[in-house]
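What follows is a single structure, written as structure tokens, with notes after it.
Residue numbers start from 1 in every chain, and the chains themselves are labelled A, B, ... in the order their sequence lines are given, proteins ahead of strands.
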Number of protein chains: 2
Amino acid sequence: MEDKQVPNIVVGRLPIYLRALSFLKADNREITSSQELGDRLGISSAQIRKDLSHFGEFGKQGTGYEIRFLENNLKEILHVDRVWDVVLVGAGDLGNALASYKGFADRGFRVAAAFDSAPHKINSQLPGGLMIQDVANLEAQVQEAGWKIGIIAVPADAAQSVANALINAGVTALLNYAPISLITPSTVRVEQIDPAVHLQHLTYYLG
Amino acid sequence: MEDKQVPNIVVGRLPIYLRALSFLKADNREITSSQELGDRLGISSAQIRKDLSHFGEFGKQGTGYEIRFLENNLKEILHVDRVWDVVLVGAGDLGNALASYKGFADRGFRVAAAFDSAPHKINSQLPGGLMIQDVANLEAQVQEAGWKIGIIAVPADAAQSVANALINAGVTALLNYAPISLITPSTVRVEQIDPAVHLQHLTYYLG
DNA sequence: TAGATTGTTAATCGATTAACAATC
DNA sequence: TAGATTGTTAATCGATTAACAATC
């Protein structure tokens with residue numbers, strides 16, 4: 001089966017499957033099964049087969065999935081069979097960590113530019129070698145380059161205006177590390193990372 | 001209604017509600033409604049009322065919710081009406097960012113100790129003032145202190161063994177920044193933060 | 001062939017929404 | 001009182017699971 005609008009919750013699991021496949025491949029494995037993947041990820045094998053069936057047929061009865069083949073297909077489906085330029089806004093500790101993060105390169109992403117508003121940071125270099133630019137130039141630069149993905153790593157009180165600027169400049173995908181709920185047009189997708197939110201989810205289950 | 005096993009997906013939204021309430025409070029607001037919260041968060045008002053109804057009655061018909069009252073109740077429900085000590089493992093860029101993160105203090109968390117395995121880091125200080133300790137002492141120390149929450153900020157290939165050590169020492173809640181799916185006993189809860197996974201979720205929707 | 005595992009269907013389970021009586 | 005908004009019920013919608021024919 002193709003088409004028919006794939007549920008967002010299914011899309012959200014594909015990167016997890018992809019990560020598991022890369023892991024197996026690094027372990028020199030060539031074949032896997034929905035059973036093995038499910039055990040590893042804490043997901044039922046039926047769910048994995050159902051999820052994949054939204055996009056095509058990738059396995060062989062009796063055998064399972066050829067890891068490289070499924071990996072390549074998932075990369076295509078997720079559009080990470082290429083490298084995306086990402087704009088980083090905020091060059092604090094977190095921005096530094098993201099700029100030098102090794103995990104982006106082989107998973108489809110490259111931090112293409114970094115911006116901050118602090119005068120003493122502007123024109124200095126990030127660990128990765130990237131020059132920090134003045135956030136005042138953000139919109140013009142993003143628009144000209146045609147970048148579509150932004151990472152917001154600024155304090156909460158600056159996040160909404162940074163988001164607005166990025167969106168004005170044509171960005172339609174945001175990864176937001178600031179601990180606020182951004183208000184955005186429905187044409188823009190936002191993923192939120194807030195460690196305190198995750199920790200509070202965990203403490204619910206602690207006495 | 002009380003009891004009856006609250007769905008995990010509901011629990012996961014509570015920290016978001018709490019964050020929105022704190023935001024409104026900082027804006028000197030005293031009363032809000034499920035409608036206003038929903039608009040702000042992109043969630044239906046019915047869902048917010050339903051979610052809250054798992055835990056009690058916190059509003060007034062015709063008026064809405066007293067922000068401070070609901071905030072306090074959510075803090076109790078999530079067990080963040082106290083401050084939790086958190087063990088940080090990994091003192092790279094990300095560990096540094098987490099150690100100096102200002103957002104933990106007033107949301108129920110304190111980084112109580114930091115560990116790393118790199119000889120040149122051990123006994124040096126993190127930005128927050130915390131001394132980096134040898135990961136060889138992790139288990140003994142965590143067990144003695146009785147810490148229950150760990151943050152894993154080490155490379156992927158070290159993450160599973162760090163998780164094992166933490167779990168051995170009594171930790172039952174893990175926030176994992178390493179890009180692998182940890183294998184853990186069912187008594188342990190894991191939250192995963194992997195920026196590449198989030199970005200790949202976003203690129204699905206980009207041409 | 002015998003054994004294994006897929007892709008898919010139908011059944012089950014669970015979550016969201018709509019609607020409204022209660023009531024501030 | 002009139003208007004507003006809660007808490008809750010029932011209906012709808014959607015996602016997960018179980019089961020199995022197909023087939024490698």
Problem set entry | Exercise: do A:Asp93 and B:Tyr101 side chains pair donor with acceptor under 3.5 Å | no
Seminar exercise, completed: Rounded to whole Å, CD1 of A:Ile48 lies from P of C:dT5 at a distance of 14 Å
Exercise. What is the distance from CG of A:Leu37 to P of C:dA4, rounded to the nearest Å?
Worked result: 19 Å
Exercise. Once you round it to whole Å, what is the distance between C1' of C:dG14 and CD1 of A:Ile9?
Worked result: 11 Å
Seminar exercise, completed: Closest to the 5' end of DNA chain D, once A:Asp51 and B:Ser34 are matched to their nearest nucleotides, is B:Ser34
Exercise. Any side-chain donor-acceptor pair under 3.5 Å between A:Thr172 and A:Arg189?
Worked result: no
For this session: Could you tell me how the ring of A:Phe58 sits relative to the ring of A:Phe69: parallel (under 30°), tilted (30 to 60°) or perpendicular (over 60°)?
Result: tilted
Exercise. Will you find, in the side chains of B:Arg40 and A:Ser181, an N or O donor that is under 3.5 Å from an N or O acceptor?
Worked result: no
For this session: Find the distance B:Asn8:CG to D:dT16:C1' and express it as a whole number of Å.
Result: 15 Å
For this session: With sequence neighbours excluded, tell me which residues meet salt bridge (Lys or Arg N to Asp or Glu O under 4.0 Å) with A:Lys121.
Result: A:Asp116
Problem set entry | Separation of atom CD1 in A:Ile31 from atom P in C:dT6, rounded to whole Å | 11 Å
Exercise. Rounded to the nearest Å, what distance is computed from the CZ atom of residue A:Phe58 to the P atom of nucleotide C:dG7?
Worked result: 8 Å
Problem set entry | Residue pair B:Leu202 / A:Val190: nearest heavy atoms and the distance that separates them | CD2-N, 4.2 Å
Seminar exercise, completed: A:His54 atom NE2 is separated from D:dG14 atom C1', nearest whole Å, by 11 Å
Exercise. OP1 or OP2 of C:dG7 less than 4.0 angstrom from a side-chain nitrogen or oxygen of A:Tyr65, does that happen here?
Worked result: yes
For this session: Give DNA chain C the dot-bracket treatment, 5' to 3': Watson-Crick (N1-N3 with N6-O4 or O6-N4) or G-U (N1-O2, O6-N3) under 3.5 Å, [ ] crossing, | other strand.
Result: ..||||||||||||||||||||||
Exercise. Which part of the nucleic acid, if any, lies within reach of A:Ser45 when heavy atoms closer than 4.0 Å are counted: base, sugar-phosphate only, or nothing?
Worked result: nothing
Exercise. What string of B, S and - do you get for nucleotides 17-24 of chain D, 5' to 3', if B is base contact, S is sugar-phosphate-only contact and - is no contact with any protein heavy atom under 4.0 Å?
Worked result: BBB--BBB
Problem set entry | Atom pair CD/CG of B:Glu66 and B:Leu70 - distance to nearest 0.5 Å | 9.5 Å
For this session: Ignoring hydrogens and angles, state whether a donor on the side chain of A:Asn8 or B:Tyr205 is under 3.5 Å from an acceptor on the partner side chain.
Result: yes
For this session: State, without any angle test, whether B:Ser45 and B:Arg49 hold a side-chain donor-acceptor pair at a distance under 3.5 Å.
Result: yes
For this session: Send over the distance from A:Asn73 CG to C:dG7 P, rounded to a whole Å.
Result: 11 Å
